[in-house]
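Sequential numbering from 1 along the given sequence is applied to the chain's residues.
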Amino acid sequence: MPEIHYNADGLVPAIAQDEDTREVLMLAWMNEEALRRTLATGKATYWSRSRQEYWVKGETSGHHQAVVDAALDCDGDAILLTVRQTGAACHTGNRTCFFTDLTAQDLT
């Protein structure tokens, strides 16, 4: 396995991207075991920092992510999952978690 650079908490950010549209759906966190489970099952499995437990995307919501491909970035500190998304990716019910636009004026 290529060298993955986990942060001090043993986590690496994982970005989920839609296979067809290439839309960035969400960002979550994985530890080594979550990544192993994801690659073994083809189901996006993440580590919940707030609940301190593993969660399989869609297990309770029905909004599954079937993993088509997984790639490590050039620095080894981020994972890109290409997924087939069923339903909304965001816990708010939105298709993607990235629906809030930011402008320079927002920072003043």
Side-chain angles (χ1 to χ4, degrees):
M1 181 179 257
E3 187 174 350
I4 299 172
H5 301 284
Y6 296 94
N7 68 15
D9 295 321
L11 302 172
V12 64
I15 302 160
Q17 180 182 42
D18 186 272
E19 174 190 33
D20 294 326
T21 67
R22 297 298 183 198
E23 182 178 30
V24 175
L25 300 172
M26 58 177 275
L27 177 134
W29 295 90
M30 291 182 154
N31 59 18
E32 187 174 344
E33 180 60 23
L35 180 57
R36 286 185 197 285
R37 291 180 187 193
T38 296
L39 297 176
T41 65
K43 298 176 182 178
T45 304
Y46 302 106
W47 176 254
S48 171
R49 295 177 299 165
S50 60
R51 295 187 314 267
Q52 295 289 294
E53 65 184 16
Y54 296 101
W55 56 283
V56 177
K57 182 67 176 167
E59 199 168 54
T60 57
S61 68
H63 300 166
H64 300 277
Q65 289 178 345
V67 177
V68 176
D69 188 45
L72 186 63
D73 81 335
C74 60
D75 294 323
D77 62 1
I79 295 170
L80 177 64
L81 299 178
T82 305
V83 301
R84 280 193 294 281
Q85 178 70 45
T86 302
C90 186
H91 72 280
T92 64
N94 286 292
R95 166 103 180 124
T96 173
C97 293
F98 296 96
F99 57 85
T100 304
D101 292 330
L102 290 175
T103 66
Q105 290 77 21
D106 294 322
L107 301 178
T108 57

Nearest heavy atoms of [X] and [Y], plus distance in Å:
| X | Y | result |
| --- | --- | --- |
| V12 | Y6 | CG1-CE2, 3.8 Å |
| L25 | A89 | CB-CB, 3.7 Å |
| D106 | T103 | OD2-N, 2.7 Å |
| L27 | P13 | CD1-CB, 4.0 Å |
| M26 | Y46 | CE-CE1, 3.9 Å |
| G93 | A88 | O-CB, 3.4 Å |

Quick one: does any side-chain atom of [X] pair with a main-chain N or O of [Y] as donor and acceptor, under 3.5 Å?
| X | Y | answer |
| --- | --- | --- |
| D69 | T82 | no |
| S48 | E53 | no |
| N31 | A34 | yes |

Is any side-chain heavy atom of [X] less than 4.5 Å from a side-chain heavy atom of [Y]?
| X | Y | result |
| --- | --- | --- |
| M30 | L81 | yes |
| R22 | Q17 | yes |
| H5 | D75 | no |

Out of curiosity, does [Y] fall in the hydrophobic cluster containing [X] (side-chain heavy atoms, cut-off under 4.5 Å, transitive links)?
| X | Y | answer |
| --- | --- | --- |
| L39 | V83 | yes |
| W29 | I4 | no |
| L11 | I15 | yes |
| V68 | L80 | no |
| V67 | L72 | yes |

Qualifying residue, where the test is side-chain hydrogen bond (donor to acceptor under 3.5 Å, both in side chains) with D18 and the options are R84, R95, Q65, Q85
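That would be R95; it is the only one of R84, R95, Q65, Q85 passing the side-chain hydrogen bond (donor to acceptor under 3.5 Å, both in side chains) with D18.
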Measure the OG1-CZ distance between T38 and R36 for me, rounded to the nearest 0.5 Å.
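CZ of R36 is found 12.0 Å from OG1 of T38.
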Angle class for the W47/Y54 ring planes (parallel below 30°, perpendicular above 60°, tilted otherwise)?
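Aromatic pair W47/Y54 classed perpendicular.
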